[in-house]
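What follows is one structure encoded as structure tokens, with my remarks underneath.
In what follows, chains are A, B, ... by sequence order, proteins preceding strands, each numbered from 1.
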Amino acid sequence: MKAARIVEVEAYLGGRDPASHAYRGLTPRTAPMFGPPGRSYVYFVYGMYHCLNVVTERDGVAGAVLLRGAEPVAGFDKLPPRALAGPGKLARAFGLTTEHTNLDLVRYGATLSIHDAPPVPASRVVRSARVGLNDHATTSKPWRLYVRGSPGVSRP
DNA sequence: CGAATGATCCGA
DNA sequence: CGGATCATTCGA
């Protein structure tokens, strides 16, 4: 069983967020983003990487959080350093594919699940612009959060 | 900096 | 259908 502590995330909304996959409405790929919260949204990008999101808004409203970085906790043997630092690397380390989209992450005993952890002190939390976006208007939103100094963060 | 690499979506 | 785009990563 593999486990990791999430240390970097980015928020994406629906119609008002041009950087969001859900910006142009519901499509087969983005359908999970419009579904009930607590489910996964996994997409394939750049022809070789998968990214894992957690759906956050109520059923019918698009919104999700992209998991961008984590620290290994259990189940990773001889993991190369920073192998979980980055959304593509994180998804790869857990062997995630689009088969893992729209799964219930909150259900007890689920194959893929997310859990509570001790709170991160506010002094360790950094807010910044989201990574990898072209549009200038969208980068103005400070919707990336990460743990200061964590080796699981993709980029300082 | 640019290549890798293919699913997705829009417009025609 | 065709082609532009892409919430990335790695290596020169």
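By the 4.5 Å side-chain criterion applied to Ile, Leu, Val, Met, Phe, Trp and Tyr, A:W143 is assigned to a cluster that also includes A:L13.
Under the side-chain hydrogen bond (donor to acceptor under 3.5 Å, both in side chains) criterion, the residue pairs touching residues 81-104 of chain A are A:R39-A:N102, with sequence neighbours excluded. Judged as a side-chain hydrogen bond (donor to acceptor under 3.5 Å, both in side chains), the pairs with a partner in residues 144-156 of chain A (not counting sequence neighbours) are, in order, A:E8-A:R144, A:E8-A:S154, A:R68-A:S154, A:E71-A:S150, A:S128-A:R144.
Heavy-atom minimum distance, A:A19 versus A:L133: CB-CD1, 3.6 Å.
Within the cation-pi definition used here (under 6.0 Å to the ring centroid, within 45° of the axis), A:R130 qualifies as a partner of A:Y12.
Distance noted for atom P between C:dG2 and B:dT5: 22 Å (whole Å).
Put simply, OH on A:Y23 is 16 Å from P on C:dT5, counting in whole angstrom units. To the nearest angstrom, P of C:dA7 lies 11 Å from CE of A:M33. Between A:H21 atom NE2 and C:dT8 atom C1' there is a gap of 11 Å when expressed in whole angstrom units. Between A:R155 atom CZ and C:dA7 atom C1' there is a gap of 14 Å when expressed in whole angstrom units. Separating the CG atom of A:L67 from the P atom of C:dT8 is a distance of 13 Å, rounded to the nearest angstrom.
Applying the ring-ring contact (aromatic ring centres under 6.0 Å, His included) criterion to A:F94, with sequence neighbours excluded, gives A:F76. Remark: A:S40 engages no residue in a side chain to side chain donor-acceptor pair (under 3.5 Å) (not counting sequence neighbours). Checked against ring-ring contact (aromatic ring centres under 6.0 Å, His included), A:F44 has the following partners two or more places apart in sequence or in another chain: A:H50. The salt bridge (charged side-chain N to carboxylate O under 4.0 Å, His left out) check on A:R29 picks up nothing, with sequence neighbours excluded. Taking the side chain to side chain donor-acceptor pair (under 3.5 Å) definition, one finds that A:S113 meets it with A:H115, sequence neighbours left out. Legend: residues meeting ring-ring contact (aromatic ring centres under 6.0 Å, His included) with A:Y46, ordered by chain and number and at least two apart, are absent.
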Contact state string [nucleotides 7-12 of chain B, B base, S sugar-phosphate only, - no protein heavy atom under 4.0 Å]: SSS---
What dot-bracket string describes DNA chain C from 5' to 3', counting Watson-Crick and G-U wobble pairs whose defining distances are under 3.5 Å, with [ ] for crossing pairs and | for pairs to another strand? ||||||.||||.
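Under the stacking definition used here (centres under 5.5 Å, planes under 30°), the residue A:Y46 fails to qualify as stacked on the base of B:dG6.
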With 3.5 Å as the limit, what N/O pairs link the protein to nucleotides 9-12 of chain C?
residue: C:dT9; atom: OP1; partner: A:P87; partner atom: N; Å: 3.2
residue: C:dT9; atom: OP1; partner: A:G88; partner atom: N; Å: 2.8
residue: C:dT9; atom: OP1; partner: A:K89; partner atom: N; Å: 3.2
residue: C:dT9; atom: O4'; partner: A:Y49; partner atom: OH; Å: 3.0

